Each structure stands twice: as structure tokens, then as C-alpha cells.
Amino acid sequence: MHAQRVETTAPDHKRRFEDRLIAAGLLTEAQLDLALREQKRTGGQLVPALMQLGLVAPEVLADFLAKEAGAKLVDLNRERVDRSVLPLVPLDLAKRLRAMPLSRHDHTLTVAMADPFDVLAVDLLRQATGLGIDMVTAPERDILNCQELHYGDPRDTIDESIDKVMAEKAQEPVQPLEEVLGRLGNKDEDAPVIRLVSQIITRAVQSSASDIHFEPEAQMMRIRTRIDGIMFQDVLIPKTMQSAVTTRMKILADLDLADTFVPQDGRATVSVGGREVSLRVSSLPTRFGENIVARILDTATQSLTLPALGMAPEMQRQFREAMNKPYGVILVTGPTGSGKTTTLYAVLQEVSTMEVTTFSLEDPIEYVMPLVRQTQVREEMGLTFAGGLRALLRQDPDIILVGETRDTETAQLMVRAALTGHLVFSTLHTNDAPGAIPRLVDMGVEPYLLPSSLVAVLAQRLVRTICPKCKEHVKNSEEILDKFRVKPPPGWPAVLWRGAGCEDCKHTGYKGRQGIYELMILDERFHDPIVQRAGAPEYLRLARENGMKEMFDDGLIKAMQGTTTIEELLRVTRLTVQ
């Protein structure tokens with residue numbers, strides 16, 4: 001890892017740090033005044049006050065500090081930590097200095113720090129380790145999380161935990177159900193089953209998994225995790241432990257333990273590496289027992305900015321023009337798990353300011369956003385998307401996020417809200433952008449209302465990205481393109497890339513995912529076809545005339561750039577080649 005070496009002198013960061021924040025466009029005078037009052041009230045520092053008030057995102061502030069200091073900003077959620085260097089910096093010193101040692105190269109230790117201007121901290125680290133210090137920077141929240149995650153006492157492995165549970169079961173007599181449930185419901189982290197489930201969840205979070213599957217079979221319970229959209233085998237649980245593991249997951253999610261023959265849904269919050277991670281838990285009765293799936297909602301791993309999502313610069317410009325309109329409907333479409341919600345949160349991150357009011361209806365609330373009034377839809381209590389939308393329209397909103405357009409009433413209310421001066425964002429399940437218009441008409445929206453309300457439709461999918469550690473050229477690129485009957489985009493050489501496979505990517509060649517997109521901007525040419533209820537092919541023709549690149553074209557450019565592979569692109573877009 002290469003980073004900016006810290007010098008013994010630093011820029012004069014005492015020179016009105018507040019003024020530099022304003023000059024960088026991160027704060028207004030009014031916002032600074034509010035933050036200074038909060039700092040005075042709490043007696044703390046200015047930076048925590050800014051984050052507490054939601055005025056500057058931690059990532060934005062860390063980026064600002066890094067640029068000011070000429071240091072490298074790192075993402076600790078993706079950075080690999082060499083555990084062998086941890087003894088060089090004791091935990092109490094690391095917490096006091098807000099520092100996280102990452103790796104060592106010869107006589108130089110790379111350390112992530114929250115304050116890149118803290119020259120005294122760098123000197124203390126140099127004295128404590130006897131090494132030179134290469135300083136990089138990261139948000140303080142990420143550093144504290146990383147400390148909790150890596151400095152914690154080493155736990156037993158999952159296999160050892162399984163052995164302990166099995167030994168305990170062999171020694172203990174049969175116990176009443178109430179006593180068993182009481183033990184599984186307590187907070188004693190040393191209880192073997194509780195520890196086992198915690199280890200399974202922790203390992204999944206550390207692997208950046210999106211889902212954990214607890215799958216009962218005839219002779220065992222199989223644990224699998226979904227990483228970058230692909231299922232991976234994790235561990236096999238003995239059949240005699242299946243009931244205890246299932247019960248523990250149901251207790252975490254507050255599900256009915258006695259009812260094992262009806263599907264149930266619930267939510268849980270667990271602590272992993274010092275940060276809270278939300279789980280959306282679902283149970284389904286199967287032949288061999290209840291199948292449990294836990295969706296992991298880890299906000300710390302999400303990059304809520306449009307550039308981080310992989311959107312091309314020109315498309316970003318067009319999309320920003322659309323989302324800065326004073327009113328209208330903007331839809332994000334795609335199948336389940338295609339990243340629609342993350343895209344909309346990235347949008348809200350940009351458009352939600354102190355000058356406007358922003359409300360959302362969600363199921364579930366996946367990320368907590370500053371300056372956004374977020375409402376959890378609870379259909380079992382009568383709070384539906386449609387009912388919630390009617391209610392929040394009386395709350396003087398400027399911007400509205402409707403998590404999903406599921407029914408006719410929601411679609412109609414959404415369109416009418418746009419026509420009365422509101423900017424509405426929502427998601428819709430269609431295969432592409434042009435298909436959104438016929439879908440809305442089929443849902444009961446009057447065609448004559450759409451040309452005046454629908455501003456843009458963004459369709460997307462997620463493709464796995466090539467691991468940067470083992471990325472390499474494909475030698476026979478032209479042969480592969482000919483085999484798939486794919487021509488390079490105009491102006492791009494026929495060069496493909498792949499991941500050779502390494503320990504960092506678990507020898508898959510892929511690490512992480514990125515979006516591929518198509519953006520359909522509506523103009524006056526769409527009016528007559530919409531009113532006449534034309535089909536999706538007509539809207540596709542008009543969008544192409546307007547310069548729209550289809551998702552496959554966007555993905556093909558990313559394959560030529562070395563972001564993903566042509567095989568992954570074909571898999572996700574489900575194109576078949578004869």
C-alpha cells in the first residue's frame with residue numbers, strides 16, 4: 001500500500017477550520033452557526049457535532065480532511081488488515097489516538113487515522129512501534145468499528161463451537177421447553193448456541209454477504225451465504241442442532257416460536273465489530289424443518305453516491321438534471337436485488353438539503369438518512385404505501401420517496417402528487433426502462449397523466465467486478481468476442497479482462513458489484529405514443545433516438561474498461577448466444 005508519508009509539519013489547520021469547511025461548500029454560515037451552538041452545548045468537538053446534526057456525512061468529512069492533508073483516503077470496510085501488526089499498537093493506544101494499524105512493509109507501518117493533522121499522534125506511534133509511519137485516513141466511525149472487529153479477543157472457530165454444543169447436548173438431561181427457550185433467549189454470549197449463531201452472522205458480515213440461508217435437509221442443516229449475488233457454502237450443522245439454531249434465529253427476529261407451519265417475517269439488530277447491523281429474517285416451513293433466510297442490511301458497506309455506484313459521467317449529468325426538477329416522477333426499475341434502493345438513497349443523499357423537506361415510505365427502512373423523515377410501512381397495522389402516501393402529502397413535503405409501487409392506488413397517488421408540485425422517487429419491477437410506461441398503464445394510471453408527470457426511468461442490474469488484486473488481460477479477447485458474437489463499442493479496442501483468482505477474492509476472480517444502467521429521459525415526443533397506449537418497443541425506439549444506451553451497451557463498456565467480464569455481463573443480462 002502506498003500512501004502519503006506524514007511530515008513533521010502540517011498545514012495550519014488551526015486557521016479557522018470552520019472557514020475552510022464553508023469555502024469547500026460543505027457548510028453554509030447558518031449551518032456552521034447551528035453546529036457551533038451544539039458544540040458549545042455539549043462541550044465536545046466540532047466534527048462530532050457536525051455528524052450528530054447530519055450536516056456533513058462522515059465519508060464527505062473524511063475526504064475533505066484527507067485532501068487538506070494530502071493523505072490517502074481508504075475504505076476500511078474493504079481494506080485488508082494484517083493481524084500480525086496489531087500487537088505493535090496496543091488497543092488502548094489505538095483508541096486514544098483514533099488509529100488503526102493496517103500493514104507493515106519493511107520498516108514502515110501503514111496506519112489509518114481519523115485526524116490526518118494530528119502530528120503528535122504520529123510521533124507517539126513512531127515512538128511506540130520504532131517504525132516509520134505511513135499515514136492514511138478514514139472516517140472515525142470506521143476506525144472504531146475496525147478496532148472492535150480486529151482487536152477483539154480471538155473467538156473459537158465455528159467448528160469448535162459446534163463441538164461444544166454437541167458435547168453439551170450429550171451431557172445434559174432432557175430439559176423442559178421453557179428452560180431451553182429461556183437459555184436461547186438470554187444475552188449470555190458465552191452460551192454455545194448463541195455464540196455459534198453470532199459467529200455465523202459475523203463471518204457473513206465480514207465476507208460482505210447480502211444474505212444468510214439456514215437450509216434444513218434430511219441429515220443436516222446447511223448454511224450458505226450470498227456474496228456478490230452468488231451462493232457459497234459456509235458450514236454444515238448437525239441435524240440434532242437444527243432446532244436450537246432455528247429457535248435462536250426466531251428469537252432474535254421476535255418470531256412466533258410455537259408456530260412452525262406458517263411463514264413468518266421479522267427484523268433483528270445485532271452487533272458486529274462494534275457497529276449495529278440490521279437483519280431482515282424470513283422463515284418458511286419445508287419438508288425437513290423451517291428454512292430461515294436473513295437479509296443483511298449493513299449500512300457501513302454501502303457507498304451512497306452516484307459515482308460510487310458506477311454510473312457513467314454523462315449519464316450522471318442527465319440523471320442529475322432529472323432529479324433536480326422541481327416536480328415529477330422518477331422511477332428506478334429492475335428485479336429484486338438489483339440495487340434499486342441503494343440508488344435511490346444515493347439520490348436522496350444529494351437532493352435532501354436544509355432548504356427542502358423530504359419524506360420516505362419504506363419497507364423496510366434500510367439506511368437511516370439525515371434530514372429525511374422516514375416511515376416504516378406496516379401493512380398488518382393498516383399503514384400501506386397508499387395510506388402512508390395520502391398521510392404524508394399533508395406534511396408539506398417537497399420530495400417523496402415511495403419505496404415500491406406495488407398497486408394501482410399507490411401508482412395513481414404518486415402521479416397525482418407529481419402533478420401537484422412534488423418530486424417523487426419510486427421503484428418498479430420491470431425488465432427495462434421502456435417497459436415502465438406500459439406497466440404503469442396496466443396498473444391503472446390514466447395514460448394522459450403520464451406525459452406531464454413522468455420525468456425519467458432508470459433501469460439497472462448489478463454485475464460482479466473483477467478483483468483488483470488479481471486482475472489481468474485476457475489474451476484471446478477477439479476470439480471470445482467472436483464466440484459470443486459481440487462487437488466492441490465504437491472507439492474501444494477489443495481488450496477484455498479477468499480475475500485470475502487469489503486469496504483476497506476467495507479465488508473467484510471477482511470482488512464487489514457495480515451497476516449497469518439505462519436511462520430513459522422523457523420529452524414531448526413520448527406524448528402521443530403514451531396517450532395511444534403504445535408498446536415498449538416504441539418507447540425504446542424513441543429513447544434510442546434520444547441517445548439512450550441500453551444496459552448491455554453500458555455493461556460492454558465496463559467490460560472493455562476492465563470493471564467486469566463479458567461472461568458476467570452475459571450472465572446478468574441473460575443474453576443467450578447461439
Side-chain angles (χ1 to χ4, degrees), residues 3-76 95-100 111-125 133-145 300 303-308 316-317 320 323-324 346-358 368-372 398-399:
Q4 174 70 37
R5 180 175 294 277
V6 175
E7 304 296 339
T8 55
T9 59
D12 182 14
H13 65 289
K14 298 294 185 184
R15 181 188 57 83
R16 288 292 295 173
F17 174 69
E18 301 91 333
D19 291 341
R20 303 207 314 277
L21 286 169
I22 293 175
L26 300 183
L27 289 177
T28 64
E29 292 282 359
Q31 290 172 334
L32 174 60
D33 184 57
L34 175 64
L36 291 173
R37 290 203 305 270
E38 178 67 12
Q39 178 192 6
K40 183 178 180 180
R41 185 185 69 81
T42 60
Q45 299 295 318
L46 178 60
V47 170
L50 292 173
M51 292 188 288
Q52 181 68 29
L53 293 171
L55 298 177
V56 184
E59 297 80 7
V60 174
L61 184 58
D63 183 59
F64 170 76
L65 291 172
K67 290 177 179 176
E68 287 277 305
K72 178 183 177 182
L73 178 67
V74 298
D75 182 357
L76 290 183
K95 285 188 173 182
R96 181 158 58 91
L97 300 181
R98 296 179 299 162
M100 182 65 203
V111 181
M113 301 187 64
D115 185 355
F117 294 112
D118 194 344
V119 180
L120 178 60
V122 175
D123 288 338
L124 288 174
L125 286 170
I133 302 298
D134 260 2
M135 189 271 293
V136 296
T137 188
E140 180 177 357
R141 175 196 64 191
D142 290 354
I143 288 176
L144 297 178
N145 288 340
S303 299
L304 299 181
T305 63
L306 291 182
Q316 283 184 50
R317 184 192 64 77
R320 282 195 174 94
M323 69 192 208
N324 287 321
V347 170
L348 288 191
Q349 187 87 0
E350 292 199 12
V351 300
S352 299
T353 66
M354 296 291 287
E355 288 74 34
V356 296
T357 57
T358 306
V368 177
M369 301 280 290
L371 300 178
V372 181
D398 294 306
I399 300 169

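As the structure is a prediction and not an experimental result, all values here were calculated from the model.
- For I133 against L125, the heavy-atom pair with the smallest separation is CD1-CB, 4.0 Å.
- Between atom CG of residue L348 and atom CE of residue M323 there is a gap of 9.0 Å, rounded to the nearest 0.5 Å.
- Here the CG-CG distance, from L124 to L97, works out to 5.5 Å after rounding to the nearest 0.5 Å.
- With sequence neighbours excluded, the residues forming a side-chain contact (heavy atoms from CB on, under 4.5 Å) with Q316 are L306, P307, M311, R320, listed by chain and number.
- Residues L76 and A112 come closest through the heavy atom pair CD2-CB, 4.1 Å.
- Nearest approach of I399 to V356, heavy atoms of both residues: CD1-CG2, 3.9 Å.
- Applying the side-chain contact (heavy atoms from CB on, under 4.5 Å) rule to K95 yields the partners L91, Q147, E148; only residues at least two apart in sequence or on another chain are considered.
- Looking at every heavy atom in both residues, E355 comes nearest to D398 through O-OD2, 4.5 Å.
- Nearest heavy-atom pair, V372 versus S352, reported as atom, atom and distance to 0.1 Å: CG2-OG, 3.6 Å.
- The shortest heavy-atom contact between T137 and M113 is OG1-O, 2.8 Å.
- Applying side-chain contact (heavy atoms from CB on, under 4.5 Å) to L34 and the options Q31, R37, E38 leaves one that passes, R37.
- In this view, A62 and L73, P139 satisfy the side-chain contact (heavy atoms from CB on, under 4.5 Å) rule, not counting sequence neighbours.
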